[in-house]
Protein chains: 2
Amino acid sequence: MLKLSTKGQYGVRAMFEIARNFGKGTTTIREISERQEVSVSYLEQLLNKLRHAGLVDSVKGPGGGYVLTREPSKVSVGEVLRVLEGPVAITTCLDPTGDGCARVDNCVTRMLWKTLGEKIESFLDGISLQELLNEEHNIVPLDFGGNRP
Amino acid sequence: MLKLSTKGQYGVRAMFEIARNFGKGTTTIREISERQEVSVSYLEQLLNKLRHAGLVDSVKGPGGGYVLTREPSKVSVGEVLRVLEGPVAITTCLDPTGDGCARVDNCVTRMLWKTLGEKIESFLDGISLQELLNEEHNIVPLDFGGNRP
DNA sequence: AAATACCCGACAAAATATGTCAAGCGCAGC
DNA sequence: GCTGCGCTTGACATATTTTGTCGGGTATTT
């Protein structure tokens with residue numbers, strides 16, 4: 001249950017690759033494609049969205065590629081996912097783009113899903129690309145605030 | 001993103017109706033269907049699964065229907081959802097029924113999804129049907145441990 | 001001018017979700 | 001025993017979403 005589509009997964013991995021190069025130049029789609037094993041065409045779609053959302057800039061021509069518009073510590077995973085997949089909407093009755101649910105009045109579970117959604121967003125918003133980079137270099141032990149008492 | 005299928009939503013609502021009658025007799029599929037506006041046929045599928053999982057008992061014959069096997073405070077929403085939708089598996093590489101991901105070694109995001117999944121499960125396991133009942137009667141103000149400091 | 005790299009929209013295959021339908025079985029009460 | 005109510009089971013149909021692919025275009029640097 002509660003699967004994340006590949007779009008979101010690939011998107012975060014792509015952003016990770018670009019973040020990895022932050023301050024060292026651009027990252028091309030081809031590089032991302034090879035490192036993360038995702039097709040060039042599909043990555044184009046994702047990066048297009050991310051560019052329009054202002055999370056990355058693109059540079060054309062030879063030596064071009066993508067660059068983060070902010071430093072990795074200022075970009076959260078939640079932000080990336082929201083751009084690619086829309087807001088967390090566990091149920092359709094909470095989807096802001098929908099019509100809402102006709103049964104709202106006596107729907108006891110509604111608040112349950114709402115609270116869960118908020119918790120998830122708050123978690124994802126608290127993780128930045130920088131933290132993923134740190135993890136890769138083992139600068140800090142793995143801990144996203146997961147299970148501490 | 002992170003949608004819950006109707007299976008899970010309807011299932012929790014069905015369990016809520018049965019819990020509502022706890023100690024007062026059985027609840028028929030027809031009653032659930034009318035109150036929650038879900039087709040009888042579809043509910044049959046869901047309750048069948050819940051019965052095999054031991055969350056409800058069925059009583060046949062006139063006056064029959066479904067009954068909780070435990071009191072509402074002992075049945076968590078997480079349990080219901082796991083029966084109907086399987087475990088939380090944000091990504092396929094974490095799905096215990098799958099083959100795992102070939103890129104495990106250098107997948108920095110894996111731990112991220114794992115931690116998120118654990119948080120979600122722990123949240124859902126912490127909410128019981130009794131708490132949903134309380135909410136309906138406004139015995140307690142709405143608060144699932146959502147956003148307190 | 002050529003090479004490199006991004007941009008855009010249409011389209012298609014596959015998986016998943018969302019149910020419906022029909023026939024059968026088993027128990028309680030008369 | 002037998003009848004009615006209600007659950008049981010599995011197959012099947014439809015709709016939606018996901019997951020990409022493909023082809024041609026446009027902009028920019030060398």
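Source: prediction; values computed, not measured. Letters go in sequence order (proteins before strands), and every chain restarts at 1.
We find the CD-NZ distance between E79(A) and K74(A) to be 12.0 Å, quoted to the nearest 0.5 Å.
Regarding Y66(B), its OH atom lies at a distance of 15 Å from the P atom of dG26(C), rounded to whole Å. A straight line from CD1 of I18(B) to C1' of dC7(D) spans 13 Å, rounded to a whole angstrom. Atom-to-atom, CG of L46(A) to C1' of dC6(C) comes out at 14 Å; the value is rounded to the nearest Å. Counting to the nearest Å, the P atom of dT28(D) and the NZ atom of K60(A) are 5 Å from each other. Rounded to an integer number of Å, the gap from R13(A) CZ to dT19(D) C1' is 14 Å. As rounded to whole Å, 11 Å separates atom P of dA5(C) from atom CD of E34(A). In this structure, the CD atom of E31(A) is 13 Å from the C1' atom of dT4(C), given to the nearest Å. Atom CG of L47(B) and atom C1' of dG10(D) are 17 Å apart (whole Å).
Between dT8(D), dC8(C), dC6(C), one nucleotide has an atom nearer to the side chain of I29(A) than all others, and that is dC6(C). Listed nucleotides dT9(D), dT29(D), dC6(C) differ in distance to P62(A); the shortest reach to its side chain belongs to dT29(D).
Note on R30(B): nothing from the nucleic acid sits closer than 4.0 angstrom, heavy atoms only.
The shortest distance between side-chain heavy atoms of Y66(B) and L55(B) does not fall below 4.5 Å. For the pair V77(A)/M15(A), no side-chain contact is recorded, criterion being any heavy-atom separation below 4.5 Å from C-beta on. The side-chain heavy atoms of V38(A) and I32(A), taken from C-beta on, include no pair separated by under 4.5 Å. Taking the side chain as every heavy atom from C-beta outward, R20(A) and R35(A) approach each other to under 4.5 Å.
For dC7(C), the OP1/OP2 oxygens have a side-chain nitrogen or oxygen of S58(A) closer than 4.0 Å. One finds a side-chain N or O of R51(B) lying less than 4.0 angstrom from the OP1 or OP2 phosphate oxygen of dT9(D). A close approach under 4.0 Å does not occur between any side-chain nitrogen or oxygen of T28(A) and OP1 or OP2 of dC6(C). In this model, the phosphate group of dC8(C) is approached by a side-chain N or O of N48(A) to a distance below 4.0 Å at OP1 or OP2.
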Name the pairs: protein N/O against N/O of nucleotides 13-20 of chain C, kept only if under 3.5 Å.
{"from": "dT18(C)", "atom 1": "OP2", "to": "T6(B)", "atom 2": "N", "distance (Å)": "2.8"}
{"from": "dT18(C)", "atom 1": "OP2", "to": "T6(B)", "atom 2": "OG1", "distance (Å)": "2.9"}
{"from": "dT18(C)", "atom 1": "O5'", "to": "T6(B)", "atom 2": "OG1", "distance (Å)": "3.3"}
{"from": "dG19(C)", "atom 1": "OP2", "to": "Y10(B)", "atom 2": "OH", "distance (Å)": "3.3"}
{"from": "dT20(C)", "atom 1": "OP2", "to": "S39(B)", "atom 2": "OG", "distance (Å)": "2.4"}
{"from": "dT20(C)", "atom 1": "O4", "to": "Q45(B)", "atom 2": "NE2", "distance (Å)": "3.0"}

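Projected onto DNA chain D by closest heavy-atom contact, V59(A) and E44(A) fall at different nucleotides, the more 5' of which corresponds to E44(A).
No hydrogens or angles considered: nothing links the side chains of Q9(B) and T109(A) as a donor-acceptor pair under 3.5 Å. For the residue pair N134(B) and Q130(B), a side-chain donor N or O sits within less than 3.5 Å of a side-chain acceptor on the partner.
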